Amino acid sequence: MTGYAPFEFVGDKNARTVFVLLNSQAALIAKYLVSRIAGVALVIVRVLRPWAADELQKVVPSTAETIHVFDDVPHEATRGPLFADVFASLYDPTRPRQIIRSQRVTPDKGKEFISNPSLFCSHLMSLFDHSLADVSLEHTGAKLMFLSTPSNHLSFFHQLLTDTFSRGISVRRLTDYDVISKAGGITADRIILSPKKSEDDYLPVSLALPLNGENLTDFMCVEPSLLKSHSILDYAKPGSPVLVITSLSSAELLENIPPQALALALQRELRLFTIDAKSIASELCGDVTNMETVEGLIMYLAFLRLYLGKASNQDVVRKLALGLVPGGLRDDVFSGISTRTWELLHRVELPVDHDVASHIPDAAANSFSTVRRFEFNTVAVETGSGQTVYNGSKVASWHEAAKHVLFPSVFTPLLPVPPETEEFPQIPSLHPEAAERTYLVTCTVNRRLTPLDYDRNVFHLEFNTEGTGLKYAIGEALGVHGWNDAQEVLDFCTWYGLDPDRVITIPCHGGEQMHSRTIFQVLQQQIDLFGEPPKSFYTDIAPYATEPVERLALQFIGSPEGSATFKKLNEKDTISFAQVLERYPSAKPGIETLCEMIGDTKPRHYSIASAQSVVGNRVDLLVVTVEWTAPNGQLRYGQCTRYLAGLKVGQKVTVSIKPSVMKLPQNDAQPIIMAGLGTGAAPFRAFLQHRAWLSQQGTDVGPTYYYFGSRHQHQEYLYGEEIETYILDNTITKAGLAFSRDGPKKVYIQHKMLEDAQTLAEMLKNQNGVFYLCGPTWPVPDVYEALVGALVKNENMTRESAGEFLESLKEEERYVLEVY
């Protein structure tokens, strides 16, 4: 320890306010701030043990009146060891004006300070009555960011970068890791280039380029898998280049980027480029043992071309790199690498705005899970009992669950403070992982509408909402947070080797708080274990496969070359997350990791089949059970419809509300035309209830045309008795009922609409009428043709003008489709 001081002092030697921090990124930020403001100082603890009390007393100014000790603690109710050491060393009863305060930094707060260093700056400045406006945090140099996974080794690339620029300018690099949000972890390298002897040299990298979107990068290098799983492009400055290290073609890359990321790339006019470093290295240097070095050189050459911009050409780039070529690489090989890199650095042509969604196939669009931000998740603090508290998932014991039960105010997720006037506040423990407002309702009716011997189970549900505060508008949808089948969950636990009664502590929505449940509860109520896995799941679990054959198979399915295999598994075999794991049994991530890979079960939304103006504290649903036979002969069920079909009267269900395009016109006198197939009748039941209620109140209601289609009237005339009543009391002006299998010739709703073609055309064209269609997608073209034909025949339109008219009705919300 000779020559190494246990404490570093920075700032005013006559300071009245002193901060004490352990040597860390936060200490570097504090160092930058206090060195620019009078009256404040910082003591950085460089050696914690053995503690040197005498040395601390020497460095703290005698003028200090307030000493703030930043200490890592497991929760707000405790003080850490650093505060105890500082207090014991500096407390002097003869100096009553000197105050030693503990600034408790919990794991969540520590993560927040690291993720958003400006928050830490604001907090620090507030402790001595200053604001961030008093200190410049601007940085004038270049900011570079490299995000990679263990499959890409960038160490040699970084070395080349440092060797290139360090001769004339300052090169500073900060490396951080996200070890939870993706299998194998993510490495984020931030590099700052600035003039030497500039004040900016002392601005910490975490402040110059924070990972919170405040300051943006001039250049970014990423892998395609990260573009798909994380909101990486949030960090890119408008107009800046983004280099993607990939073997994918431009078209394949675009299919692997979520629509929201493409929209951001278009908005910021980002320039995406691709380079396949591995294939170039294999092509030209197949006999070189250290391929990682060659790949690093290729990425470096691509970087130089993009970073230099208009000033770059092949000769300039080659000249800059020539002096840094590793020994053993022949000149002709280097020349070939340079040429091929120049040739194969491709710019990705981004689709225009209106093509962002349309260029992605439906199957691919559905495979995108919610993108995540880079997370700092290595903050850990030991408690006095020897356990470790950190911001991430962990398996705990029943003792941990007991704490959550005994001290709910500490452990339940923090939700926005409801207004004092809110009569029915959110229940904090009710699906804390859900982003939307949830309600706990009670099933009061579960009645099958189709005969028991009929091959379709269509059923009617009613839920009591009294005391929940649940309000819904006509046409809105009810989100049902369904549960997985209990026996299937237990069978999976047995097969996977899990104790279903063991407790798992996992992050809530946004990762700000934790909640504890048994493994059985998590897998039954929260995790989408029996849902449809995206392609990325195969790639994510591949590193965990201990059998080489299984690992290669998983990697292949997750690769572009495995698209056909993935499509078969997904669309024909309808394989689930659990079945993928059973098919490749050597791939067994830990349960906490597996839960984060799979993600939460999303609520299933069903059109509400009731009007609250009529039924009051009740919400009705019309549901058909989804079931099919897989190629292996196994009977499969839709997760949520199976859950709803099995509900018992009195059972509690978690629900949420989702807005819908199905809305009644503001003017009750406007005509409405409703066309529903099967359970597509649900929102129209609500429409009819409300219009009948309006008529009873003496309100003038416009014409109401109702078209309904199903296979057989006897088995599937849904709400038939109600419909007949509405026809008799003129709530329904005209009904067109199409039961396709009851007669010698199949009759569908479009045929019934053609019978009323003149009236429908008149209502749409001249009476401001509104048309609605709800149900499966297959009749959409035929219904469209029926309306076009009606307008052509009765309103003297051409087919083209009739089509344009219907398109204009969409803009006016008078041609409304809700199909699935």
Side-chain angles (χ1 to χ4, degrees), residues 7-46 48 56 59-61 63-73 75-76 78-87 89-90 97-139 172 174 176 190 192 199-215 376 379 381 391 512:
F7 304 101
E8 179 183 356
F9 179 85
V10 181
D12 192 339
K13 293 183 178 179
N14 298 311
R16 299 175 63 184
T17 302
V18 176
F19 300 105
V20 181
L21 286 90
L22 291 171
N23 197 10
S24 60
Q25 284 190 40
L28 291 177
I29 294 172
K31 182 177 180 179
Y32 177 83
L33 296 176
V34 302
S35 63
R36 284 155 174 77
I37 298 177
V40 64
L42 168 69
V43 175
I44 300 175
V45 180
R46 301 166 70 184
L48 186 59
L56 180 65
V59 299
V60 173
T63 55
E65 295 178 358
T66 306
I67 300 170
H68 296 279
V69 182
F70 283 77
D71 212 355
D72 293 332
V73 295
H75 48 78
E76 291 282 359
T78 61
R79 287 175 176 167
L82 182 60
F83 174 81
D85 289 335
V86 173
F87 187 86
S89 302
L90 300 181
R97 294 188 59 186
Q98 186 181 77
I99 301 173
I100 304 173
R101 299 186 183 278
S102 174
Q103 297 294 327
R104 300 174 178 87
V105 181
T106 62
D108 284 332
K109 186 181 290 185
K111 173 190 171 184
E112 188 177 25
F113 283 164
I114 296 174
S115 302
N116 299 284
S118 59
L119 293 179
F120 175 70
C121 292
S122 298
H123 177 67
L124 200 70
M125 301 289 276
S126 68
L127 295 176
F128 54 100
D129 297 326
H130 280 68
S131 70
L132 275 181
D134 300 328
V135 179
S136 173
L137 300 181
E138 293 296 323
H139 175 78
R172 290 175 296 133
L174 177 63
D176 287 296
R190 289 173 279 176
I192 304 295
E199 277 201 4
D200 289 343
D201 278 343
Y202 304 104
L203 181 66
V205 175
S206 57
L207 268 180
L209 183 53
L211 290 175
N212 60 1
E214 289 183 359
N215 293 329
F376 295 89
V379 178
V381 177
N391 50 291
E512 296 300 323

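In what follows, residues are counted from 1 in the order of the sequence shown. Please read all numbers here as calculations on a predicted model, not as lab measurements.
In this structure, OG in Ser206 is found 9.5 Å from CG in Leu211, a value given to the nearest 0.5 Å. Atoms CD and OG1, from Gln98 and Thr63 in turn, are 9.5 Å apart once rounded to the nearest 0.5 Å. Rounding to the nearest 0.5 angstrom, the gap separating the SG atom in Cys121 from the CD1 atom in Ile29 is 5.0 Å. Atoms NE2 and CZ, from His123 and Phe113 in turn, are 5.0 Å apart once rounded to the nearest 0.5 Å. Distance check, rounded to the nearest 0.5 Å: CG of Leu127 to CZ of Arg101 gives 9.0 Å. Distance CD1/Ile100 to CZ/Phe87: 5.5 Å, rounded to 0.5 Å.
Ser35 and Lys31 get closest at one heavy-atom pair: OG-O, 3.0 Å. Among all heavy-atom pairs drawn from Ile192 and Ala208, the shortest one is CD1-CB, 4.0 Å. For the residue pair Arg46 and Glu8, the shortest heavy atom distance occurs at CD-CB, 3.7 Å. The heavy-atom pair separating Leu207 from Ser118 by the smallest distance is CD2-N, 4.5 Å. The minimum heavy-atom distance linking Ser89 with Leu56 is given by the pair CB-CD2, 3.9 Å. Of all non-hydrogen atoms in Val18 and Pro61, the two that sit nearest each other are CG2-CD, 4.0 Å.
Each of Leu28, Ile44, Leu42 was scored for a side-chain contact (heavy atoms from CB on, under 4.5 Å) with Leu21, with one residue passing: Leu42. The one candidate from Asn23, Val69, Leu82 that meets the side-chain contact (heavy atoms from CB on, under 4.5 Å) condition with Val45 is Leu82.
Of the possible donor and acceptor atoms, one in the side chain of Ser24 sits under 3.5 Å from a partner among the backbone N and O of Leu22. Side chain of Asp12 to main chain of Asn14: a donor-acceptor pair is present (N/O by atom type, distance under 3.5 Å, no hydrogens or angles). No donor-acceptor distance shorter than 3.5 angstrom exists from the side chain of Ser115 to the backbone of Glu112, with no hydrogens or angles considered.
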*Output, in order, the C-alpha distance, side-chain angles, deciding distance and verdict of side-chain contact (heavy atoms from CB on, under 4.5 Å) for Phe19 and Val40.*
CA-CA 8 Å; Phe19 300 105; Val40 64; 3.4 Å; yes

*asked:* Run the ring-ring contact (aromatic ring centres under 6.0 Å, His included) test on Phe120 and Phe70 for me, step by step, so that the C-alpha distance in whole Å, both residues' side-chain angles and the decisive distance to 0.1 Å come before the verdict.
replied: CA-CA 11 Å; Phe120 175 70; Phe70 283 77; 5.7 Å; yes

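At least one side-chain heavy atom of Phe128 sits less than 4.5 Å from a side-chain heavy atom of Ile37.
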